[in-house]
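Chain A is the first sequence line, chain B the second, and so forth, proteins listed ahead of strands; every chain is numbered from 1. Worth saying up front: this structure is predicted, and the values here are computed from it rather than measured.
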There are 2 protein chains.
Amino acid sequence: MTTVLRMTKQREIILEALEGASHPSAETIYAEVRKRLPHISLGTVYRNLRQLKETGDISELQCSGEYSRFDSNLSRHYHVTCSLCGMVMDIDIDPASLKEMEEEVGKKTGFDISSHCVGFHGICQDCKG
Amino acid sequence: MTTVLRMTKQREIILEALEGASHPSAETIYAEVRKRLPHISLGTVYRNLRQLKETGDISELQCSGEYSRFDSNLSRHYHVTCSLCGMVMDIDIDPASLKEMEEEVGKKTGFDISSHCVGFHGICQDCKG
DNA sequence: GTCAATGCAAAAACTTTGCAACATT
DNA sequence: AATGTTGCAAAGTTTTTGCATTGAC
């Protein structure tokens, strides 16, 4: 019995916030959504993010710092995070060699590899100045 | 003015716990150290782990799950984490292609890349059975 | 003796959850 | 009408911190 998600005002606006921002954190989404729904609760934001992640409508970044960041871009791609300001930028690199590595790792360790996460860290152009 | 770390009984035993365990979490280290120092506090464990990390005596894993895990092996290497039992295993893969990627990422994004993190996730042999 | 380190407890930071009221289907 | 969803507040988890006391040098 699959549970059907209902399209509530809250969910709708959370999704719009996801699409309008770059890799926002839950807190950032909360702040954004509150401009249009002042009474929404942080709990609702977290619940929705988890559900949308489970249904595969959004993804959660890994290797991007201390707390969760979310992404409405579902294609396989990687990220750089600025160690100073926390800014996250998409990287256009070919996942092929990582895919190869997955296979190699599976063979070497006996694990059934289901995913990998890669993240780069450094200082962004703005923070260099 | 560099602060000199003092070798306390606590620090010594924490380091031994680090070396005797495989990628332990703070909580695991706490449990282990408490066998020999029953009155040590969790705060002391966290403080020491942070200090040892800062002095470069140990490293903190990334991409290894929800909470921090530590490593007394300082050489550059990567990890697989079991999604079921949380077990972490070292992987013997060549970091060369990742190093190349770092350069490519720097060029493409304008970031000064200082590090990258890579982690693989899957099901370990024990959990498959 | 000096000052880093400890134990303890309180708090911070992020996230989850219980529950009655409410809204979508 | 049925049940998924919300707001609120309380609580859970992991990690940090303030402070008086202790201990390494």
Separation of atom OH in A:Tyr46 from atom C1' in C:dG18, rounded to whole Å: 18 Å
Atom pair distance, as rounded to whole Å: CZ in A:Arg11 and P in C:dA23: 15 Å
Atom-to-atom span, CD of A:Gln51 to C1' of C:dT24 - whole angstrom: 14 Å
Distance, rounded to the nearest Å, where A:Lys9 contributes NZ and C:dA23 contributes C1': 13 Å
Residue-phosphate contact under 4.0 Å: A:Gln10 side-chain N/O, C:dA23 OP1/OP2: no
Sugar-phosphate only, base, or nothing, as touched by B:Leu5 at under 4.0 Å among non-hydrogen atoms: sugar-phosphate
Sugar-phosphate, base or nothing in reach of B:Ser25, heavy atoms under 4.0 Å: nothing
Sugar-phosphate, base or nothing in reach of B:Tyr67, heavy atoms under 4.0 Å: sugar-phosphate
Distance, rounded to the nearest Å, where A:Ile13 contributes CD1 and D:dG7 contributes P: 11 Å
Whole-Å distance separating the CD atom of A:Glu27 from the P atom of C:dA12: 15 Å
Under 3.5 Å: donor-acceptor pair, side chain of A:Ser83, backbone of A:Gly122: yes
Distance in angstrom units between A:Asn48 CG and C:dT16 C1', rounded: 14 Å
Criterion salt bridge (Lys or Arg N to Asp or Glu O under 4.0 Å) on B:Lys99 and B:Glu103, from CA distance to verdict: CA-CA 7 Å; B:Lys99 262 295 173 205; B:Glu103 240 179 80; over 6 Å; no
Position toward the 5' end of DNA chain D (nearest nucleotide), B:Gly43 or A:Ile14: A:Ile14
Side chain of A:Ala26 - closest among D:dC8, C:dT25, C:dT15: C:dT15
A:Lys53 atom NZ, over 12 foreign heavy atoms within 6.0 Å: yes
Spacing of A:Lys107 atom NZ and A:Thr109 atom OG1 [to the nearest 0.5 Å]: 11.5 Å
Touch class at under 4.0 angstrom, heavy-atom based, for A:Glu12 against every strand present: nothing
Whole angstrom value for the distance that separates C1' of D:dG7 from CZ of A:Arg34: 12 Å
Distance-only donor-acceptor test (3.5 Å): side chain B:Arg47, base C:dG7: yes
A:Thr8 side chain, from C-beta outward: closest of D:dT5, D:dC8, D:dA24: D:dT5
Aromatic plane relationship, A:His79 with A:His23 - under 30° parallel, 30 to 60° tilted, over 60° perpendicular: perpendicular
Touch class at under 4.0 angstrom, heavy-atom based, for A:Leu42 against every strand present: base
Which nucleotide in C:dG7, C:dT25, D:dG7 has an atom nearest any side-chain atom of A:Met7: C:dT25
Any B:Arg50 side-chain N or O less than 4.0 Å from OP1/OP2 of D:dT15: no
Nearest to side-chain heavy atoms of A:Ser68, which nucleotide of D:dT17, D:dG7, C:dT15: C:dT15
